[in-house]
Structures are given as structure tokens and as C-alpha cells.
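Counting convention: from 1, in listed order, for ligands and their atoms alike. Just so you know, residue 1 is the first one in the sequence shown, and it goes up from there.
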Amino acid sequence: MKKECLEIVRQKCENCKACALSASRTNMVFSDGNPETARLVLIGEAPGEIEDECGRPFVGRAGQLLDEFLAEAGISRDNDLYIINTVKCRPPENRVPTQEEQAACRKFLDAQIDIIKPQAIVLCGATALKTFVETDRKRTISKLRGQWLNITVDGVEYPAITIFHPSYLLRNHSMDDGSPRRLMQQDLKEIKNRYLQDRNNTENIFAKNLEMAMV
Ligand code: URA
């Protein structure tokens with residue numbers, strides 16, 4: 001059912017010309033992940049060059065690094081997450097999407113969240129954070145990451161947590177305590193423990209039972 005509803009939204013996005021990004025895109029980048037099993041929606045900034053070529057979010061260098069962190073935390077990109085961006089088309093030179101571009105795309109973002117009805121939302125990076133939460137010099141991503149906040153989408157409240165964007169981690173290699181990469185590990189572990197622990201336990205028990213039944 002979710003798949004059918006999302007397909008209607010996807011077709012509208014394919015035909016969308018509400019902002020100038022539609023003219024320069026190669027592909028519209030709708031989403032990734034399994035809408036039927038995803039408990040969490042992860043929102044990034046915007047498609048980059050590789051995403052624009054492939055039509056899938058987070059498949060370039062930043063996406064590959066995100067995959068590594070997710071795998072290490074035991075979060076399944078394919079089953080636990082539904083991945084989207086604040087805009088569906090690549091901004092030229094990978095610049096941050098403007099407020100007008102984000103506003104033009106917002107109805108699609110909201111519709112996707114409405115259909116998925118996630119248990120929680122993961123805001124990946126400062127652009128996704130600013131789309132939903134007021135920030136200022138005292139409320140920066142460094143201060144807000146790792147905190148659970150409530151955000152409202154189309155009148156529905158969702159718990160949301162902010163994590164660093166993997167592009168930022170590509171420029172910060174340190175694994176020292178308190179470093180951005182360490183904080184990313186910590187934040188993903190918190191997400192896993194709060195929303196996905198039981199699922200993987202159930203899946204592990206199922207796999208073990210299956211293994212025993214096969215001997
Ligand atoms: N960065 C993002 O924020 N989203 C993508 O899909 C790729 C890179």
C-alpha cells in the first residue's frame with residue numbers, strides 16, 4: 001500500500017518543474033530503502049553528482065561512508081531506513097539548496113513522511129536540521145546533534161535526532177574521543193538502541209531457529 005502511494009508522489013516529482021533545478025538535473029532522486037519495513041526516515045541535503053547520475057540518494061563518496069557507519073552500528077540501509085533529501089534534484093556545483101528550492105520541494109518531502117509514518121526521523125547534516133528546527137549561533141549542529149527533539153510534519157509530531165553529514169566526516173578523519181566520527185558512532189548507536197534493537201533480536205532469534213531446524 002505504501003509503495004503504491006509513493007509511486008503516485010514519485011510520478012508527480014518526475015513531472016515537477018516548480019524550480020530551476022528541474023532544468024539542470026539528469027535524474028530526479030526520489031528515495032532509497034524499503035518503505036514497508038523502514039522504521040526511520042533519514043533526510044539528507046540534496047543529491048550530488050553521482051546521485052544525479054544514478055537517481056539514488058547517498059551513493060557517492062559521502063554515501064559510501066554513511067554506509068560504513070550504518071553497517072558498523074548494525075543499522076540496515078535496505079530495511080531500517082527510508083532515505084530522502086530536502087530537495088529531489090541536484091543543485092549546480094553541489095551548492096546548498098536555496099530556501100525557495102526547498103520550499104518548492106517541501107510538499108513531496110512531507111508526503112513521503114506522511115506515507116511512511118516513521119517511528120522517528122534522522123536529520124543528516126545542517127541543511128536537514130535547519131529545514132525542521134530553528135537554529136542560531138547557540139543552537140548549531142554541533143550543539144544539537146545527538147539530542148532527541150520533536151518535529152512536526154503536516155500536523156504530526158515525530159521524534160527526531162540530528163547526526164553529522166558524512167561529507168563533513170570525509171574532511172575529519174580523527175577517531176579520537178569527542179571527534180565528529182566518534183560522535184557519529186555514538187549517535188547511530190543511540191538510534192539503533194532506541195528504535196531497532198528489538199527488530200534485530202527477533203531477526204537473530206529467527207535466524208538461529210532456522211539454522212537449528214536445518215541441522
Ligand atoms: N548528500 C546528500 O545530502 N544527499 C545525497 O543524496 C548525497 C549526498
Side chains of Q11 and E7, donor plus acceptor under 3.5 Å: yes

Worked check of side chain to side chain donor-acceptor pair (under 3.5 Å) between K88 and Q112: CA-CA 12 Å; K88 309 255 174 287; Q112 287 173 298; 2.8 Å; yes

Check ion pair R39-D80 (N to O, under 4.0 angstrom): no

Check against side chain to side chain donor-acceptor pair (under 3.5 Å), T162 and Q147: CA-CA 7 Å; T162 305; Q147 288 182 34; over 6 Å; no

Spacing of CZ belonging to R106 relative to CG belonging to D154, to within rounding of 0.5 Å: 8.0 Å

Under 4.0 Å from ligand 1, counting heavy atoms only: the protein residues, by chain and number: G44, E45, A46, E51, P57, F58, N85, H165

R61 versus Q64, side-chain donor and acceptor atoms under 3.5 Å: no

